[in-house]
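Comments concern the structure below.
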2 protein chains.
Amino acid sequence: MPGFILEDFLAYQMAVLSNRLSDGFSRRYRDKFGISVPEWRLVAHLSQAAKISIREVYQQVEMDKSMASRAAARLVKAGYVSKRVNPADRRLVELSLTAKGRAMAAEIGPQALDFEAEVLACLPDGERDAFRKAIRILMEKCT
Amino acid sequence: MPGFILEDFLAYQMAVLSNRLSDGFSRRYRDKFGISVPEWRLVAHLSQAAKISIREVYQQVEMDKSMASRAAARLVKAGYVSKRVNPADRRLVELSLTAKGRAMAAEIGPQALDFEAEVLACLPDGERDAFRKAIRILMEKCT
DNA sequence: TTGACCCCGTTGCAAGTGCAACAATATGAT
DNA sequence: ATCATATTGTTGCACTTGCAACGGGGTCAA
């Protein structure tokens with residue numbers, strides 16, 4: 001494999017960086033609220049839309065069906081989310097945040113923005129926007 | 001959680017993008033060679049250094065100890081890697097590519113570079129270098 | 001040489017993950 | 001009304017993963 005260096009390989013770099021970011025941020029809420037990364041993602045999505053179904057969760061947030069189902073179950077058990085059957089279509093489920101869930105979201109949200117700002121602070125001033133835009137382009141490209 | 005949008009959250013974007021890149025590339029060698037992502041990483045690292053130990057694998061490549069051990073075991077079983085005890089220090093293991101392993105590496109390496117080039121092709125010409133540099137900076141920052 | 005200590009790789013175990021099968025429900029054509 | 005088909009969420013299962021414990025080696029001082 002001539003001239004190939006794993007450390008310079010984009011897919012590898014992204015995997016490493018992604019893990020460090022997710023782990024780094026999850027440490028900030030894991031101990032206090034006892035939720036994992038998939039659970040945090042569900043809550044984050046749920047905080048933008050009063051009532052959503054499991055399907056909306058795993059389609060919009062990148063997540064397997066069963067992962068969304070189990071994350072929801074854990075959040076219900078922990079008292080952050082309530083779940084009821086949608087009366088209009090009884091196949092669907094209506095997930096919504098409880099008061100406890102809203103309180104948690106209200107605390108984690110600003111921490112998320114702080115964390116992101118801390119990370120991005122190490123990029124040169126003029127390049128932050130270009131970097132964010134590049135990420136967006138790549139995400140659309142790789143759909 | 002006012003004004004927080006998960007889709008715009010860097011850690012989330014990186015996780016999604018990282019998965020898409022790793023999956024996208026792994027599809028190109030999985031069927032033909034039957035190896036997984038951790039195994040590919042071990043091989044990639046091994047192709048730059050004739051003989052390495054398990055420890056060198058998991059320290060240099062971002063990987064758990066047990067993951068490196070098991071990836072090596074699977075690669076040995078598949079005939080891509082040979083493993084023997086280091087006679088100078090019998091705690092250590094010497095991993096090296098077999099002829100079959102070298103052949104695989106010789107085929108996957110160029111494919112990796114092609115894949116990366118395809119992905120990066122969608123970024124504006126002047127911004128590719130800046131993007132790669134930004135990734136490097138963030139990786140060092142988040143160590 | 002012995003014993004205390006450290007390092008390496010493997011393995012057991014619990015938790016997480018992806019996939020496929022499943023039951024319950026809805027839809028639509030006949 | 002009935003039956004075939006599609007959709008939703010859950011669950012079973014095999015596999016992966018991370019952590020901690022372990023056994024086998026090495027090292028160094030007493």
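The sequence lines fix the lettering, A, B, ..., with proteins before strands; numbering per chain opens at 1.
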Ring pair (Phe, Tyr, Trp, His ring centres under 6.0 Å) partners of residues 112-143 of chain B, not counting sequence neighbours, each pair once: A/Phe131-B/Phe131, B/Phe25-B/Phe115

Considering only residues two or more places apart or on different chains, which pairs with a residue in residues 52-103 of chain A satisfy ring pair (Phe, Tyr, Trp, His ring centres under 6.0 Å)? none

Under the rule for side chain to side chain contact (heavy atoms under 4.5 Å, CB included), what residues qualify as partners of A/Ser53, not counting sequence neighbours? A/Arg55, A/Glu56, A/Leu92

So, using side chain to side chain donor-acceptor pair (under 3.5 Å) as the criterion, who are the partners of A/Ser36 when residues are at least two apart? A/Glu39

Just wondering, do [Y] and [X] contact through their side chains at under 4.5 Å, heavy atoms?
X        : Y       : result
A/Met104 : A/Ile35 : yes
A/Val85  : A/Glu94 : no
A/Leu42  : A/Val61 : no

Using the salt bridge (charged side-chain N to carboxylate O under 4.0 Å, His left out) criterion, which residues pair with B/Glu62? Sequence neighbours excluded. A/Arg20

Salt bridge (charged side-chain N to carboxylate O under 4.0 Å, His left out) against B/Arg28, all qualifying residues, sequence neighbours excluded: B/Glu118

Of [range], the positions that come close to DNA chain C - non-hydrogen atoms, cut-off under 4.0 Å:
range                     : value
residues 48-81 of chain B : B/Ser53, B/Ile54, B/Arg55, B/Lys65, B/Ser66, B/Ser69, B/Arg70
residues 10-47 of chain B : none
residues 82-96 of chain A : A/Asp89, A/Arg90, A/Arg91

For [X], does the [atom1] atom sit with more than 12 other heavy atoms under 6.0 Å from it, leaving out its own atoms?
X        : atom1 : result
A/Lys83  : NZ    : yes
B/Lys100 : NZ    : yes
A/Gln48  : CD    : yes

Using chain A heavy atoms and a threshold of under 4.0 Å, write down where along DNA chain D the contacts begin and end, 5' to 3'. D/dT7 to D/dG12

Kindly state each residue pair satisfying salt bridge (Lys or Arg N to Asp or Glu O under 4.0 Å) with at least one member in residues 103-116 of chain B, sequence neighbours excluded. B/Lys32-B/Glu107, B/Glu116-B/Arg132

Any luck finding a side-chain donor-acceptor pair between A/Ser82 and A/Thr98 under 3.5 Å? no

Tell me if a side-chain donor or acceptor on B/Ser22 pairs with a main-chain N or O of B/Asn19 at a distance below 3.5 Å. no

Span of DNA chain C engaged by chain A, first through last nucleotide within the 4.0 Å heavy-atom cut-off, is C/dT17 to C/dA26

